[in-house]
Amino acid sequence: METTECSRFSGNLGSTAAMLDTGAGAGLMVSIIPQSIFRLVMHHFQSRKTLKIVREATAICAEACDHADCLKGIYKNVSLIRDNYLKIFNLASRLPIISILRPWIEADLENWEDLAEDCQIGSDKDFRRLVCQVAEKI
Amino acid sequence: MPYSLEYSRSFNTCLKRILKKFPNSERTIRKEIERLGINPDQGDKYPGFGAFAVRKMRIRLPEYGMGKRGGLRLIFLVHPEKGKIVPLILYQKGLFPEQEVRAAIIAALKEIAAEL
């Protein structure tokens, strides 16, 4: 379920990032401002919901398994979401109207950056091997 | 039941480096780490470690106007059977590109494993 949610959110966010990028580049921001603001507000709530689903799924997984394939499975979508949030965050600093949503965008970016990092580190074989070694030795 | 915190030389070096960079936050940082002994279930848990837990916690640095983005990240190991918490690495978020974070964490773990 978390993979589907991530994939869906990634697609939605990607199209918003593309819309903002195109609009900013072509000087068409006035025409897309209301739609942009609406979409960014919706994405904020979607982001929170999707993150909650993913974190809860990995927490359940944490109790029940001895591998981290769940993290590998979602990493691609998580990193796409993070990259799109970074794009939107950078665009928001240049676009006065959109910049009022910057704190929300920044908070969402931070959460997805952390999750992307966790996916990468948590599924890393060397990390897992070395942590187990430390746990045995303490 | 309170856990005992086990500090490695490697982690202490890492902590010293961070405190040198953020001296005004020394109290905040030490307090957040010490609090783990009473409440180890902080931060997000990495899946699949079985009997013990590995978690990552965010530490704000309000003294430097840093929220959790750009603040610190602490990765630590919780071993309930042994009643111990081992802080593994403390780093500043956003300082390293993605691959360098991994390399820094692996290097720190190798040092800790060699030291124990």
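This structure is a prediction, so every number in the text was calculated from the model and none was measured. The chains referred to below are lettered A, B, ... by the order of the sequence lines, with proteins before strands, and numbering in each begins at 1.
- When side chains are defined from C-beta on, B:F52 counts as touching A:V131, because their heavy atoms get closer than 4.5 Å.
- Proximity to chain A (any heavy atom under 4.5 Å) is restricted, for B:I105, to the side chain, taken from C-beta onward.
- Atom OH of B:Y7 sits in a crowded spot, with more than 12 heavy atoms from other residues, nucleotides or ligands closer than 6.0 Å.
- Hydrophobic cluster membership is shared by A:I37 and A:W104, with clusters built from Ile, Leu, Val, Met, Phe, Trp and Tyr side chains linked at under 4.5 angstrom.
- Note on A:F45: it clusters hydrophobically with A:I88, by side-chain heavy-atom contacts below 4.5 Å among ILVMFWY residues.
- Counting non-hydrogen atoms of neighbouring residues, nucleotides and ligands closer than 6.0 angstrom, the CZ atom of A:R48 reaches no more than 12 such neighbours.
- At a threshold of 4.5 Å between non-hydrogen side-chain atoms, the residues B:K93 and A:E117 count as touching.
- From B:S4, atom OG reaches atom CD1 of A:I138 across 8.5 Å, with rounding to the nearest 0.5 Å.
- In this structure the side chain of B:R73 reaches within 4.5 angstrom of the side chain of A:D114, judged on heavy atoms.
- Under the 4.5 Å side-chain heavy-atom criterion for Ile, Leu, Val, Met, Phe, Trp and Tyr, B:L90 and B:L5 are members of the same hydrophobic cluster.
- One hydrophobic cluster, built from ILVMFWY side chains closer than 4.5 Å, cannot hold both A:L40 and A:M42; they sit in different ones.
- With a 4.5 Å cut-off on side-chain heavy atoms, B:I106 and A:R129 do not count as touching.
- Heavy atoms only, all atoms of each residue included: A:D118 and B:K56 are closest at OD1-NZ, 2.7 Å.
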Output, in order, the C-alpha distance, side-chain angles, deciding distance and verdict of side-chain contact (heavy atoms from CB on, under 4.5 Å) for A:N111 and B:R58. CA-CA 11 Å; A:N111 288 330; B:R58 305 179 195 181; 3.0 Å; yes
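- In this structure, B:R102 is not positioned above the aromatic face of A:F127 in the sense of NZ or CZ being under 6.0 Å from the six-membered ring centre and within 45° of the axis.
- With a threshold of 4.5 angstrom between heavy atoms, B:L77 approaches chain A through side-chain atoms but not through N, CA, C or O.
- Using a 4.5 Å cut-off between heavy atoms, A:D124 contacts chain B through its side chain alone, with no backbone atom that close.
- Both the backbone and the side chain of A:C132 come within less than 4.5 Å of a heavy atom in chain B.
- We find the CD-CD1 distance between A:Q133 and B:I112 to be 11.5 Å, quoted to the nearest 0.5 Å.
- When atom types are taken as modelled, the side chain of A:K137 and the backbone of B:A113 share a donor-acceptor pair closer than 3.5 angstrom.
- Rounding to the nearest 0.5 Å places CZ of A:R128 at 10.5 Å from OH of B:Y46.
- Two different hydrophobic clusters hold A:L80 and A:W112 under the rule that ILVMFWY side chains link at heavy-atom gaps under 4.5 Å.
- Of the possible polar contacts, none joining the B:K110 side chain to the A:L130 backbone as a donor-acceptor pair under 3.5 Å is found.
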